[in-house]
Amino acid sequence: MLIYKILRGPEWADLQENGKSAGAPIDVADGYVHFSTGNQVGGTLAKHFAGEDSLVLLGVEADTLGDDLKWEVSRGDALFPHLYRELRLSDITFIQELGPPDQKNRTKGIAF
């Protein structure tokens, strides 16, 4: 199952340059990298990235993360995937630049 991480342009550039990343500022503050399932990613975009551009959607195969991935209750009492280690460039199996914030369906064409 693919799980998804949304990064801002500079965060994505940092991951590419260093080969690993602790994630966005909220990830660093919380001590884990926040992910969303395909059903949750639209809500994550709306709640945390409204009005932002230069976003990249990254897909990671959940089964490859082993015990470092925990499913924990979060928004709306739903289980969300949280990665308790740095995100590695080698973890990523899917990359999609997201459209501008005024685009009605920023993730159009992505099969979750």
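Salt-bridge formation is detected for the pair D27/K5: a Lys NZ or Arg NE/NH1/NH2 atom is positioned less than 4.0 Å from an Asp or Glu carboxylate oxygen.
The closest side-chain heavy-atom distance from I95 to W12 is below 4.5 Å. At least one side-chain heavy atom of L45 sits under 4.5 Å from a side-chain heavy atom of L55. A heavy-atom distance below 4.5 Å is found between the side chains of L69 and I3. When side chains are defined from C-beta on, V60 does not count as touching T93, because their heavy atoms never get closer than 4.5 Å. L15 places a side-chain heavy atom less than 4.5 Å from the side chain of L7.
By the rule that hydrophobic residues join a cluster once side-chain heavy atoms approach within less than 4.5 Å of another member, V73 and V33 end up as members of one cluster. Criterion: ILVMFWY side-chain heavy atoms under 4.5 Å apart, direct or through other members. Under it, I92 and L2 are not part of a common hydrophobic cluster. Residues L65 and Y32 are members of separate hydrophobic clusters, defined by side-chain heavy-atom contacts under 4.5 angstrom among Ile, Leu, Val, Met, Phe, Trp and Tyr.
No donor-acceptor contact under 3.5 angstrom links the side chains of R88 and S21, judged on distance only.
The heavy-atom pair separating F80 from S74 by the smallest distance is CD1-CB, 3.5 Å. In plain terms, the two heavy atoms of R75 and G43 that are nearest each other are NH2-C, 3.7 Å. The two residues Y4 and V41 have their closest heavy-atom pair at CB-CG2, 4.1 Å.
With hydrogens and angles disregarded, a donor-acceptor distance shorter than 3.5 Å links the side chain of N18 to the backbone of D14. Side-chain atoms of Q40 come within 3.5 Å of backbone atoms of L79 as a donor-acceptor pair (strictly under, hydrogens ignored). The main-chain N or O of M1 is found under 3.5 Å from a side-chain atom of E61 such that the two form a donor-acceptor pair. Here the side chain of K20 pairs no donor or acceptor atom with the backbone of L89 at under 3.5 angstrom. A donor-acceptor pair is defined here as one N or O able to donate and one able to accept, closer than 3.5 Å; no such pair exists between the side chain of E52 and the backbone of F49.
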Under the side-chain contact (heavy atoms from CB on, under 4.5 Å) rule, what do F35 and L83 come out as? Steps first, then yes or no, please.
CA-CA 8 Å; F35 279 86; L83 181 62; 3.7 Å; yes
Stepwise side-chain contact (heavy atoms from CB on, under 4.5 Å) check, D91 with R85
CA-CA 12 Å; D91 294 326; R85 68 161 169 80; 2.9 Å; yes
Can you list the steps and then say if W71 with T37 is a side-chain contact (heavy atoms from CB on, under 4.5 Å)?
CA-CA 11 Å; W71 291 82; T37 67; 3.6 Å; yes
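Atom CZ of F94 and atom CG of L57 lie 5.5 Å apart (nearest 0.5 Å). Going from atom NE2 of H48 over to atom CZ of R8 covers 9.5 Å, rounded to the nearest 0.5 Å.
Ring geometry for H34 against H82 counts as perpendicular: the plane angle is over 60°, on a 0 to 90° scale with 30° as the lower cut.
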